[in-house]
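We name chains A, B, ... by the order of the sequence lines, and we start the count at 1 in each one.
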4 protein chains.
Amino acid sequence: MGLQERRLREKEQRREQILDAGRELILKHGIYDVSVQQIAKLAELSVGTIYLYFDSKEEIFATLQEGILEVLYDEAEKAVAEVTDPSDKIRAIAEVYKRFSEENKKYFDVINYFISPLDVFFPKLLKTQVDQHGNRILSILVEVINEGIVSGLFEKVVPKRCSIIIWATLHGLIQFRKMRDTVLKEENFDELYRYSVDTFIEGLMKKG
Amino acid sequence: MGLQERRLREKEQRREQILDAGRELILKHGIYDVSVQQIAKLAELSVGTIYLYFDSKEEIFATLQEGILEVLYDEAEKAVAEVTDPSDKIRAIAEVYKRFSEENKKYFDVINYFISPLDVFFPKLLKTQVDQHGNRILSILVEVINEGIVSGLFEKVVPKRCSIIIWATLHGLIQFRKMRDTVLKEENFDELYRYSVDTFIEGLMKKG
Amino acid sequence: MGLQERRLREKEQRREQILDAGRELILKHGIYDVSVQQIAKLAELSVGTIYLYFDSKEEIFATLQEGILEVLYDEAEKAVAEVTDPSDKIRAIAEVYKRFSEENKKYFDVINYFISPLDVFFPKLLKTQVDQHGNRILSILVEVINEGIVSGLFEKVVPKRCSIIIWATLHGLIQFRKMRDTVLKEENFDELYRYSVDTFIEGLMKKG
Amino acid sequence: MGLQERRLREKEQRREQILDAGRELILKHGIYDVSVQQIAKLAELSVGTIYLYFDSKEEIFATLQEGILEVLYDEAEKAVAEVTDPSDKIRAIAEVYKRFSEENKKYFDVINYFISPLDVFFPKLLKTQVDQHGNRILSILVEVINEGIVSGLFEKVVPKRCSIIIWATLHGLIQFRKMRDTVLKEENFDELYRYSVDTFIEGLMKKG
DNA sequence: GATGAATGAGCCTTCATTCAT
DNA sequence: CATGAATGAAGGCTCATTCAT
């Protein structure tokens, strides 16, 4: 048992080594400029070993993304816990999402990498895995909105539907941020972003 | 005279040949798996000839995207012209955007290709060109919202700001559509999309 | 006649245009980075026309080199005419050669280009043409040394032989100049060069 | 243990395979017409493998040149050891250089390849490496001249300076050898070369 | 399990030369 | 004579993946 256990632990360790290296390299060079050879080198493992733990380079990236979403999820949860008003909770989540996209610009590209030309790129399974993690993040929003409804603060909307919409808006805006020098030239992005969230919340608020 | 004219026409024809091939290949394999050699082969031209008409592969893609956005712009304008109510105009634009993204699934990826890791990828000029086309589409929305305000139908919002937000929402939703089998499993995307637009319009409407 | 004459003149003009462009481009980019297309563009001629006046790119370069050697020859002659003492004349020639190699670094590479892997590169004819021009430069040296002998200043050496040797020395030194940062690190090249010439002259001087 | 050793040997073998192929191709086509693909084919290795052993094509050539200079160095040392008189030693070195240039005509071009438009062509490091080998050869000459001075045979010249000059002369002459059918038409090159060396030695000899 | 050498198709781009007009 | 569009082989180099050890 002790032996088997150690084996397992070591195996997990190797995976972590690989993922760490992948993360670091993505952060340094961007996802499109990371090769398996580079990962192997940084992880102080042989190329062949990489393929013992992952079936393909894509799988490494996908796993990495899970982790990234995990962090995002955790931060969102923490942020939500710090305030009590449902409106503020939404604001907090939005803030976390934006800050995350700024601080982890390169990581965020990983998310995009998997969302974008997804249909072509990935085996079904991989895609599903990744999406499941997205679900968790969504669920935080859902819960918050639900809370708002229950407490009589928000209108009786369909929580999931609204959550998806707000999330899509935020994601879309963050994506558009890349056009800040052209299309968004005269806009203050932070203001725009905040305004968008506030408007949305206002729409949720009970009228009258 | 006739000769020079014919020359020009032929030249334009070649460009079109190349673009057609590029389009077809993107449709078939996705933008990340299209090479200049493939384009040349399909266009029944030599590789060298490609570079007689375009300075780089990226330029081909950028030109392609301009065309796509052009079409999108035209369709949006047409759709807007067909209805009179500003709210309906917004709905029409949203519809065009969605329908376009469905009918041209792979083309839509071209747009994303240029939005995504843009900072790193493309020469400034190319990016600017592409974004300028994005601007035109935005301007339709701006005008419509403006119209709504002037006619006393909408609240006195900032048109550009709102346009960006609605566009970002639509774009984000369409992107999320790729998760229809997982995150959006129980959702009817079309309904969700429509609901999102309606909610937005409602937010714009003059209260009281 | 007038017509034929004009034709000839125009023809010569075109050649000159091409050579001018070639020269300018070599000076700007170095001989290894000049393409026929570039020459055509700068000469405001079509690529095809280039091949009407020259059989190949090499031929352009060879012709150019003739011209370069011509200039070198002229400068050497002028320098020689300005002093009377044969020793000084040799010094003057050496100076011209060095200065020329510095001021026309890129041109000088043209000379090297044709001297270096010559056997492989060029059709016999081209090589001969180029070499003939080399001969003229040599002849200046020969004459000077001869003069020195006749005037009783120099020993009765074989003029041509000595000329070749001094020329080879100068050429070799100039070539080695490229190693100024490594092999010649602690050497002052100008001094070294001058010393070499002086030593050689001293060897020529009548003893006793 | 035996395994690791064998691995190392095999690795060295591969490098040698590549260098052998490179050498052979340079000999056959001249250095300017050797491509990595050709080397790979002749070495019966894949292109990728070439890059496993060398970082670039230039590095292959540089390594080749190091080897060539090594051989030259060894032969020069051997030749020097066989005679005792410093004058004869210089003659011996000159002879080695000439013979080498004849027997390895194409190899010699490799040397020129690295001397010639070096400034532009090569990464600093490569150049430095190559030049360092040049230094070793120079040092043999320096030592011999020094010996001559110490033994009272030669004048008190600056050894390094003189060594550079003689080397430059020899190198220049060998280069001019390529014009043997034109500029040097009536000259017996071997005689000329020998004469040049003798004259130089004479200049070194103590007068009176 | 782990290794890492080997693969080789593929990438984008250049350019001397030709030839139909 | 002059044009310039067209060619297409060739260039150096990368990299995901495999497989014998």
statement: B/S/- along nucleotides 13-20 of chain E (protein heavy atoms under 4.0 Å) is BBBBBB--
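With sequence neighbours excluded, no residue forms a salt bridge (charged side-chain N to carboxylate O under 4.0 Å, His left out) with Glu12(D). Partners of Asp55(A) under the side chain to side chain contact (heavy atoms under 4.5 Å, CB included) rule, at least two apart in sequence or in another chain, are Glu59(A). In terms of the side chain to side chain contact (heavy atoms under 4.5 Å, CB included) criterion, residue partners of Ser35(B) (sequence neighbours excluded) are, by chain and number, Gln37(B), Gln38(B). With sequence neighbours excluded, the residues satisfying side chain to side chain contact (heavy atoms under 4.5 Å, CB included) with Leu19(A) are Glu16(A), Arg23(A), Phe54(A), Ile60(A), Thr63(A), Leu64(A). Considering only residues two or more places apart in sequence or on other chains, Tyr51(D) meets the side chain to side chain contact (heavy atoms under 4.5 Å, CB included) condition with Val36(D), Val47(D).
Separating the NZ atom of Lys41(D) from the P atom of dA9(E) is a distance of 12 Å, rounded to the nearest angstrom. In this entry the distance linking CD1 of Ile18(D) with P of dA5(E) reads 12 Å, nearest Å. Between Arg15(C) atom CZ and dC1(F) atom C1' the separation is 16 Å, expressed in whole Å. Whole-Å rounding puts the His29(A) NE2 to dT14(F) C1' distance at 15 Å.
Each of Tyr53(C) and Leu45(B) was matched to the nucleotide of DNA chain F holding its nearest heavy atom; the match closer to the 5' end belongs to Tyr53(C).
Within 4.0 Å of Arg14(A), counting heavy atoms only, lie sugar-phosphate atoms of the nucleic acid but no base atom.
A side-chain donor-acceptor contact under 3.5 Å links Lys57(B) to the backbone of Val34(B). Between the side chain of Arg15(B) and the backbone N or O of Tyr53(B), at least one donor-acceptor pair lies under 3.5 Å.
Contact between the side-chain N/O atoms of Lys11(B) and the OP1/OP2 oxygens of dG4(F) is not found at any separation under 4.0 Å.
In this structure, Glu44(B) places its CD atom where only 12 or fewer heavy-atom neighbours from other residues, nucleotides or ligands lie under 6.0 Å away.
Helical stems in DNA chain E, defined as runs of 3 or more consecutive Watson-Crick or G-U wobble pairs with both donor-acceptor distances under 3.5 Å, are listed by first residue as E:2-21 with F:2-21.
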